[in-house]
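What follows is a single structure, written as structure tokens, with notes after it.
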Amino acid sequence: MTATRPAEVAIARTREELSAELDGLARAGASVALVPTMGALHEGHLSLVDRAHTLADAVVVSIFVNPLQFGLGEDLSRYPRELSRDVELAASRGVRLVFAPGDGDMYPEGAPIVRVKPGPMGEGLCGRFRPGHFEGVLTVVAKLFGLVRPQVAVFGRKDLQQAALVRRMERDLDLGVRVDVAPTVREEDGLALSSRNAYLSPDERRHARAFHRGLVRADEAFQGGETGRRALTSLVESEIRDHAGLELQYVELVDPETLVPLETAGRGSALAVAGFSGATRLIDNVLLGADAPDPGVGRPTSVERAR
Ligand code: AMP
């Protein structure tokens with residue numbers, strides 16, 4: 001049974017409940033925007049919901065902590081799970097349906113044997129440090145597209161490599177979903193919102209600001225005329241080196257769509273960083289040049305081109 005909340009958000013925990021809700025939306029002639037998440041919703045996720053409302057009639061949020069995308073020793077078992085709070089937040093932003101399947105509903109045959117391989121775009125950046133991660137992400141996103149059949153799906157640019165890979169998967173496999181990418185929502189001091197920020201101690205939280213501060217320094221240098229990869233990445237590195245509790249994994253200059261490494265930055269090139277504050281892994285990025293367009297905006301997808 002699906003339960004209807006006062007704010008009229010429905011919750012589907014199984015495939016059957018999902019299809020019943022989607023049938024209702026189809027009968028009403030509503031187009032659907034999907035916002036896939038792992039829950040522990042914050043203002044970053046909710047900004048995707050707000051954007052999704054501008055792109056379709058009904059917004060569906062999926063909440064699924066996908067075991068396939070966690071490596072050995074990562075935080076799968078302690079990842080925050082707060083479904084009733086998430087549902088309240090979703091309802092407060094006008095979400096029509098929360099799809100929160102269990103592992104057995106998402107993977108009824110057990111771990112899938114046919115999976116989506118990210119290829120070379122999954123090998124650099126985070127892919128170098130999280131083997132198998134993007135295969136897990138793309139596989140679950142392809143399944144969510146198949147289960148929900150949205151017209152549009154909204155992803156955050158905070159996860160730059162994920163967004164680029166999902167867009168590429170959609171084109172390569174013609175999944176028929178417009179993939180939209182939204183800007184990063186930050187705390188007042190610049191730290192990108194993340195469900196994992198909850199793991200940070202007050203000291204680790206304070207140090208974590210350096211990731212964004214380094215990116216801002218590099219962006220300022222770019223706007224002052226510096227375009228060399230080495231000079232720009234060094235600015236981020238030196239900001240992070242100043243903090244004893246931080247450990248840098250990478251800082252790289254790439255094209256935000258193709259993820260190809262760049263030696264020379266142009267307007268809209270991405271500077272991406274990943275590292276640890278204490279035991280918590282954090283990622284962030286900027287598109288150099290303040291008025292650079294988001295990679296997800298303004299470029300027609302295969303669906304739009306076909307219309
Ligand atoms: P997650 O629940 O971490 O898997 O994230 C779900 C979606 O929210 C992904 O598309 C993320 O890129 C996006 N997201 C996470 N944090 C932020 C943020 N601070 N600003 C905008 N989008 C975000």
Side-chain angles (χ1 to χ4, degrees), residues 33-53 55 59-71 74-76 78-83 85-87 89-90 93 95 98-101 106 125-126 130 133-134 136-145 148 150 152-170 177-200 205 208-209 211-212 215 256 259 270 272-274 280-287 294-297:
L34 172 66
V35 178
T37 80
M38 296 204 300
L41 299 184
H42 52 63
E43 214 34 59
H45 300 114
L46 298 175
S47 75
L48 307 187
V49 168
D50 293 347
R51 187 163 170 127
H53 279 301
L55 301 171
V59 176
V60 176
V61 169
S62 63
I63 295 179
F64 180 62
V65 182
N66 175 32
L68 228 55
Q69 69 190 67
F70 286 77
E74 290 189 347
D75 55 344
L76 173 62
R78 70 184 191 115
Y79 198 86
R81 289 160 171 89
E82 308 166 356
L83 185 60
R85 179 185 163 274
D86 287 347
V87 170
L89 283 171
R93 298 295 259 263
V95 169
V98 171
F99 176 45
M106 186 56 84
L125 303 171
C126 292
R130 304 189 71 189
H133 170 68
F134 289 112
V137 169
L138 293 182
T139 301
V140 82
V141 169
K143 286 172 71 70
L144 287 166
F145 285 3
V148 178
V152 182
V154 186
F155 291 81
R157 202 184 69 223
K158 199 209 93 181
D159 297 85
L160 181 88
Q161 189 170 18
Q162 169 175 284
L165 277 164
V166 169
R167 283 168 69 76
R168 184 62 196 245
M169 170 175 77
E170 193 287 324
V177 177
R178 175 178 164 200
V179 177
D180 186 77
V181 181
T184 302
V185 177
R186 302 176 177 285
E187 303 277 9
E188 232 159 71
D189 65 359
L191 180 70
L193 296 189
S194 163
S195 306
R196 291 189 166 100
N197 291 352
Y199 300 151
L200 297 168
R205 167 68 185 79
R209 287 185 293 200
F211 287 101
H212 180 246
L215 293 173
L259 306 180
V273 65
T280 302
R281 188 171 185 278
L282 301 170
I283 59 174
D284 202 351
N285 67 84
V286 287
L287 299 188
D294 287 326
V297 178

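As the structure lists them, so they are numbered: ligands from 1, and atoms in each ligand from 1. Since this is a predicted model, take the numbers as computed values, not measurements.
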Test log, rule salt bridge (charged side-chain N to carboxylate O under 4.0 Å, His left out), inputs Arg93 and Glu43 = CA-CA 11 Å; Arg93 298 295 259 263; Glu43 214 34 59; 2.6 Å; yes
Distance-only N or O hit between ligand 1 and Ala192, under 3.5 Å = no
Taking only heavy atoms of Leu193, which atoms of ligand 1 are found under 4.0 Å from at least one of them?
-> 16 (N), 17 (C), 18 (C), 19 (N)
For ligand 1, is there an N or O atom under 3.5 Å from any N or O atom of Met38?
-> yes
Go through the structure and list residues passing ring pair (Phe, Tyr, Trp, His ring centres under 6.0 Å) with His133, not counting sequence neighbours.
-> none
Counterpart residues, salt bridge (Lys or Arg N to Asp or Glu O under 4.0 Å), relative to Arg196 (two or more places apart) = Asp75
Sub-3.5 Å N/O-N/O distance, Thr37 and ligand 1 | no
Ligand-residue contact atoms, ligand 1 with Pro36, heavy atoms, under 4.0 Å = 6 (C), 7 (C)
Backbone or side chain, does any N or O of His45 fall under 3.5 Å from an N or O of ligand 1?
-> yes
Atoms of ligand 1 close to Phe155 [distance to a heavy atom under 4.0 angstrom, numbered from 1] | 10 (O)
Please say whether Gly156 places an N or O atom under 3.5 Å from an N or O atom belonging to ligand 1.
-> yes
Does an N or O from Val185, backbone or side chain, lie closer than 3.5 Å to an N or O of ligand 1?
-> yes
